[in-house]
Asker: 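My structure is below; once you've seen it, I'll send some questions.
Heads up: numbering here begins at 1 and tracks the sequence.
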Amino acid sequence: MTVVGPFGLSVRDQALEADVQAGLAAVEEGLLEATKSDVPFITDAAQHLVRAGGKRFRPLLGMLAAQFGDPHAPGVVPSAVVVELTHLATLYHDDVMDEAAVRRGVPSANARWDNSVAVLTGDFLFARASHMLADLGPEAVRIQAEAFERLVTGQILETAGPRDGRDPVDHYLDVLAGKTGSLIAVACRFGAMMAGSDESTVNILTQYGERLGTAFQLADDVLDIASDSHESGKTPGTDLREGIPTLPVLHLRALAASEGASEADRALAALLEEDLTDDARHAEALAGLRAHPALEQARRDTVRYAQEARATLAPLPECPAKTALQELCDAVVHRAG
């Protein structure tokens with residue numbers, strides 16, 4: 001039993017383990033090659049986050065999805081590199097939008113250089129991903145373009161907020177489906193498609209990726225509140241401090257606005273509207289949310305999406321890759337406690 005990929009996923013089949021490890025190693029080489037430039041400064045900036053590491057969640061899913069066809073088909077690794085390059089590019093842009101100082105344990109590109117360098121480096125990675133994508137055929141280009149449109153739409157919807165009369169929780173779940181679910185779905189779709197899987201299998205794995213991607217992000221929401229820095233790898237309550245309304249906060253707001261809300265619910269909701277860059281208020285808000293039923297409600301939502309992802313796999317034949325994909329659902333739920 002060997003641990004590979006994020007969350008300590010255990011692969012119990014030696015042949016599958018060998019294929020996944022070889023595929024991820026090839027993706028890593030592909031990322032370094034794709035981020036090289038004749039201009040040393042561009043190489044340095046473009047490889048900044050590649051060398052910082054990361055879960056490589058999307059490439060892992062691509063390698064597992066490819067097991068339902070020919071995992072050694074020539075398009076499998078390049079398509080995984082395309083998806084990860086796209087993901088990395090969005091991180092450069094996200095850090096500018098969020099004014100983040102740290103990413104993956106190292107200074108963010110905007111902190112190390114400046115916002116202009118970070119934005120342009122993200123654009124450079126998009127360009128390299130597009131160049132590789134062109135070699136994978138027009139269908140791959142169309143799929144990636146549609147996913148990228150959804151990703152950007154999700155980001156815009158998050159920035160704009162819910163329209164009048166829209167349930168903020170429903171709005172937020174739509175945002176996550178676009179921002180996170182779309183690209184994870186493409187990772188699964190490309191892996192199966194490039195491996196020559198039949199259309200039904202490709203569709204099943206695409207739906208799986210969409211649901212797992214949403215569960216993955218919801219687990220992050222719970223971790224931001226519930227975990228300590230050792231468990232999550234980041235400072236607890238980061239989203240809270242920055243005023244980002246994640247699912248536990250949205251559930252609390254809904255409860256505080258309802259007729260049956262207690263004074264404690266309303267007081268905590270009011271506290272969350274204050275400036276939480278103040279350490280004392282931040283600590284109070286974090287402690288309040290950790291003890292509040294809204295956090296458990298967010299956990300239940302995470303479990304629901306992970307269970308939906310797992311159920312999607314039911315029509316696929318039993319095999320080590322299917323077992324690994326099912327265990328990823330369990331691992332996402334475990335992260336959320």
Asker: If a pair satisfies side-chain hydrogen bond (donor to acceptor under 3.5 Å, both in side chains) and one of its residues is in residues 182-199, list it, with sequence neighbours excluded.
Answerer: Asp198-Thr201
Asker: Of all heavy-atom pairs between Ser79 and Met194, which one has the smallest distance, and what is that distance?
Answerer: OG-CG, 3.7 Å
Asker: To the nearest 0.5 angstrom, please state how far the CG atom of Leu88 sits from the CG atom of Leu125.
Answerer: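 Going from CG on Leu88 over to CG on Leu125, the span is 6.5 Å.
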Asker: Quick one: CG on Asp275 to NE2 on His282, what's the gap to the nearest 0.5 Å?
Answerer: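 So the CG of Asp275 and the NE2 of His282 are separated by 11.0 Å.
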Asker: Transitive ILVMFWY cluster of Leu250 at side-chain heavy atoms under 4.5 Å: who else is in it?
Answerer: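 Leu250 shares its hydrophobic cluster with Val169, Tyr172, Leu173, Leu176, Leu218, Leu247, Tyr305.
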Asker: Who pairs with Phe148 by ring-ring contact (aromatic ring centres under 6.0 Å, His included), at least two apart in sequence or on another chain?
Answerer: Phe126
Asker: We want to know whether Ser262 and Asp265 form a side-chain donor-acceptor pair, criterion being a heavy-atom distance below 3.5 angstrom.
Answerer: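 There is such a pair between these side chains.
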Asker: For the CD atom of Gln307 and the CZ atom of Arg310, what is their distance to the nearest 0.5 Å?
Answerer: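 Result: 9.0 Å between the selected atoms.
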Asker: Quick check: do Leu316 and Leu205 have side-chain heavy atoms less than 4.5 Å from each other?
Answerer: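 Answer yes - side chains close enough.
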Asker: Going by heavy atoms in the side chains, are Val222 and Leu295 under 4.5 Å from each other?
Answerer: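 Contact flag for Val222/Leu295 side chains = yes.
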Asker: Search all heavy atoms of Ala215 against all heavy atoms of Thr302 and return the closest pair with its distance.
Answerer: O-CG2, 3.6 Å
Asker: Check whether any side-chain heavy atom of Val249 sits under 4.5 Å from a side-chain heavy atom of Leu252, and report yes or no.
Answerer: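 The answer is no; the side chains never approach within 4.5 Å.
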Asker: Can you find a heavy atom in the side chain of Asp221 that is under 4.5 Å from one in the side chain of Pro248?
Answerer: yes
Asker: Taking the side chain as every heavy atom from C-beta outward, state whether Ile143 and Met193 have any pair of such atoms under 4.5 Å apart.
Answerer: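 Answer yes - side chains close enough.
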Asker: Please list all pairs meeting salt bridge (charged side-chain N to carboxylate O under 4.0 Å, His left out) that have one or both residues in residues 136-151, counting only residues at least two apart or in different chains.
Answerer: Glu139-Arg142, Arg142-Glu146, Arg150-Glu210
Asker: Which residues end up grouped with Leu255 if you chain together Ile, Leu, Val, Met, Phe, Trp and Tyr wherever their side-chain heavy atoms are less than 4.5 Å apart?
Answerer: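 In the cluster with Leu255 there is nothing else; it is isolated.
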Asker: Can I get a per-line list of side-chain donor-acceptor pairs under 3.5 Å for residues 59-78, giving both atom names and the distance, sequence neighbours left out?
Answerer:
residue, atom, partner, partner atom, Å
Gln67, NE2, Asp19, OD2, 3.4
Asp70, OD1, His72, N, 3.0
His72, NE2, Asp19, OD1, 2.8

Asker: Between Leu85, Thr43, Thr121, which is the residue that forms a side chain to side chain contact (heavy atoms under 4.5 Å, CB included) with Thr35?
Answerer: Leu85
Asker: If every non-hydrogen atom of Leu151 is compared with every non-hydrogen atom of Leu183, which pair is closest and at what distance?
Answerer: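 The answer is CD1-CD2, 4.2 Å.
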Asker: Under 4.5 Å between any side-chain heavy atoms of Glu28 and Leu31, yes or no?
Answerer: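 Yes, at least one pair of side-chain atoms sits under 4.5 Å.
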Asker: Shared ILVMFWY cluster between Val175 and Val186, side chains joined below 4.5 angstrom?
Answerer: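 Val175 does not cluster with Val186.
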Asker: Compare every heavy atom of Ala187 with every heavy atom of Val83, then report the nearest pair and how far apart it is.
Answerer: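 Residues Val83 and Ala187, closest heavy atoms: CG1-CB, 4.0 Å.
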Asker: With a 4.5 Å limit on heavy-atom distance, are the side chains of Arg241 and Asp279 in contact?
Answerer: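 Result yes, sub-4.5 Å side-chain heavy-atom pair found.
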Asker: Hey, could you give me the NE2/CZ distance between His87 and Arg58, rounded to the nearest 0.5 Å?
Answerer: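 One gets 4.0 Å once the value is rounded to the nearest 0.5 Å.
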Asker: Do Glu29 and Glu33 touch side chain to side chain, with heavy atoms closer than 4.5 Å?
Answerer: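 Side chain of Glu29 against side chain of Glu33, heavy atoms only: no contact under 4.5 Å found.
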Asker: Which pair of heavy atoms, one from Ala80 and one from Val27, lies closest together, and at what distance?
Answerer: CB-CG2, 3.8 Å
Asker: If you take all heavy atoms of Phe216 and Lys55, which pair is closest and at what distance?
Answerer: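 The pair with the smallest heavy-atom distance is CZ-CD, 4.0 Å.
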Asker: Do the side chains of Met132 and Phe190 join up, straight or via other hydrophobic residues, at under 4.5 Å, putting them in one cluster?
Answerer: yes
